[in-house]
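Everything below concerns the one structure shown next.
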Amino acid sequence: MSAAATASVLEPVVARVDAILETFLAARRDDALAVDPRTVEPVDEVQRLVRAGGKRLRPACTYWGYRAAGGADGPEIWRAAAGVELLHTMALLHDDVMDADDERRGMPTARARQIAAAQRRGQADPERVGVGVAIVAGDLAAAFAEQLFSTAGFPPDRQAAGAARLARMRLELGLGAYLSVADLDVDPATVAYLKGGAYTVEGPALLGAALAGGDAGVDEALRAFARPLGAAFQLLDDLADGDAAPGASRAQAAALVETARAALGDPRLDRTAAKALDALAAVVGSL
């Protein structure tokens with residue numbers, strides 16, 4: 001898969017999702033201004049993080065999972081996919097608090113920025129302020145994700161099916177975050193799946209399929225692709241962060257990516273979508 005081919009599968013997603021988020025978050029900022037002009041800062045933190053970039057892998061998996069199940073392109077799926085990106089934004093804001101990180105996407109984290117702002121104001125406990133504002137920003141991102149997703153505009157039965165999938169993603173994301181900080185004796189593969197894989201590839205792809213009205217056969221085919229690819233993504237992320245288990249390697253991740261790509265030959269998946277999902281797998285493998 002050429003670099004141009006892999007880039008082409010994400011560039012349209014970035015353009016569509018970012019345009020939706022820009023308009024949507026500007027309206028939420030106006031809502032905050034109407035309440036009290038002093039309340040806009042946590043909304044601004046959400047906007048800053050979204051504007052700082054990102055691959056938009058989760059919205060891409062949502063969109064192409066939808067198409068793989070036979071869904072037709074339209075504004076509804078793009079709004080739903082943008083809602084999934086806001087859920088990821090929440091996770092990043094809260095992760096930066098839990099990990100006490102100072103930088104994200106080449107810029108100060110919300111936590112770090114708000115600590116510095118509190119110091120400039122001479123507040124007594126800048127750390128408490130910075131952590132608190134970042135948590136609120138993450139909470140707002142989660143609320144915004146729900147608001148955007150719930151107003152996507154699908155027929156009620158499909159919207160409800162998608163909402164159930166989104167709720168499952170939020171549950172698994174939260175449980176994975178808990179296990180990652182609680183220092184319990186838990187299988188590292190379980191933590192890795194819940195922490196990243198479940199809401200990076202599999203959850204979004206199955207959510208998209210639900211919005212398209214996909215059946216159990218399509219879900220099975222998507223899982224065969226998404227589960228190993230999600231595992232590869234988390235393994236590569238852990239290797240990059242220095243958190244991987246002893247013996248973990250890029251070769252293991254590459255094998256998982258190839259397993260995922262092989263699953264895309266399943267005839268239950270739309271062929272155009274399968275080609276796009278293959279390109280997404282190549283993107284993951286190149287991380």
Side-chain angles (χ1 to χ4, degrees), residues 54-62 64-65 68 81 84-96 98-99 138 142 145 162 164-210 214 216 218-264 266 269 277-278 280-287:
K55 293 177 287 295
R56 307 301 188 242
L57 181 61
R58 292 157 189 85
C61 288
T62 303
W64 287 112
V84 171
E85 182 63 24
L86 282 176
L87 180 64
H88 179 49
T89 303
M90 175 276 290
L92 296 181
L93 287 161
H94 285 174
D95 277 355
D96 289 340
M98 290 187 289
D99 298 338
R165 296 281 196 192
L166 183 65
R168 180 70 183 186
M169 284 173 57
R170 292 182 65 175
L171 173 66
E172 292 179 337
L173 174 58
L175 297 180
Y178 164 70
L179 291 177
S180 72
V181 300
D183 197 24
L184 301 176
D185 185 15
V186 181
D187 178 11
T190 299
V191 179
Y193 170 75
L194 292 172
K195 185 180 174 184
Y199 100 103
T200 300
V201 182
E202 184 175 343
L206 293 177
L207 184 154
V218 171
D219 283 358
E220 182 181 21
L222 280 173
R223 259 193 207 94
F225 159 77
R227 188 153 295 194
L229 189 63
F233 175 89
Q234 193 58 46
L235 177 54
L236 289 167
D237 190 58
D238 288 344
L239 285 167
D241 292 341
D243 297 331
S249 67
R250 290 193 65 89
Q252 290 176 328
L256 287 165
V257 171
E258 289 310 307
T259 299
R261 297 177 79 170
L264 291 171
D266 195 308
L269 301 177
L277 290 170
D278 184 70
L280 286 176
V283 171
V284 171
S286 69
L287 296 177

CG (D241) and CG (L236) are apart, to the nearest 0.5 Å, by 11.0 Å
Quick check: does any side chain N or O of Q252 sit under 3.5 Å from a backbone N or O of S249, one acting as donor and the other as acceptor?
yes
Could you walk me through whether D219 and R165 satisfy the side chain to side chain contact (heavy atoms under 4.5 Å, CB included) test, starting with their C-alpha distance in whole Å, then the side-chain angles of each, then the deciding distance to 0.1 Å, before giving a yes or no?
CA-CA 12 Å; D219 283 358; R165 296 281 196 192; 2.4 Å; yes
Report the distance from atom CG of L194 to atom CD of E172, rounding to the nearest 0.5 Å.
6.0 Å
Considering non-hydrogen atoms only, spot the tightest contact between R261 and A281 and give its length.
CG-CB, 3.6 Å
So, do L287 and K55 sit near enough that their side-chain heavy atoms are less than 4.5 Å apart?
yes
From D95 CG over to H88 NE2, what is the distance, rounded to the nearest 0.5 angstrom?
9.0 Å
Going from OG1 on T200 to CZ on F233, what distance comes out if it is rounded to the nearest 0.5 angstrom?
4.5 Å
Might you point out which heavy atoms bring P204 and V84 nearest each other, and give the distance in Å?
CG-CG1, 4.4 Å
Is there a donor-acceptor pair under 3.5 Å between the side chain of T89 and the backbone N or O of E85?
yes
So which heavy atom on V218 is nearest to which on A209, and how close?
CG1-CB, 4.4 Å
In this structure, CG of D99 is separated from OG of S180 (nearest 0.5 Å) by 7.0 Å
What pair of heavy atoms forms the shortest contact from F225 to A260, and how long is it?
O-CB, 3.2 Å
Could you tell me which non-hydrogen atom of R250 sits nearest to which non-hydrogen atom of L239, and how far apart they are?
N-CD1, 3.7 Å
Nearest 0.5 Å, please: how far is CG in L264 from CG in L280?
9.5 Å
Check A68 against L277 and note the closest heavy-atom contact, atom names and distance.
CB-CD1, 4.3 Å
Intermediate values then yes/no, salt bridge (charged side-chain N to carboxylate O under 4.0 Å, His left out), E220 and R223:
CA-CA 5 Å; E220 182 181 21; R223 259 193 207 94; over 6 Å; no
Taking C-beta and beyond as the side chain, do L87 and M90 meet within less than 4.5 Å on heavy atoms?
yes
Going by salt bridge (Lys or Arg N to Asp or Glu O under 4.0 Å), E202 matches just one of R168, R58, R227. Which one?
R227
Answer yes or no: is there a side-chain heavy-atom contact under 4.5 Å between P228 and V257?
no
Kindly indicate whether the side chain of L269, heavy atoms from C-beta on, has any atom under 4.5 Å from the side chain of L222.
yes
Are there more than 12 heavy atoms of other residues, nucleotides or ligands under 6.0 Å from atom CG of D187?
yes
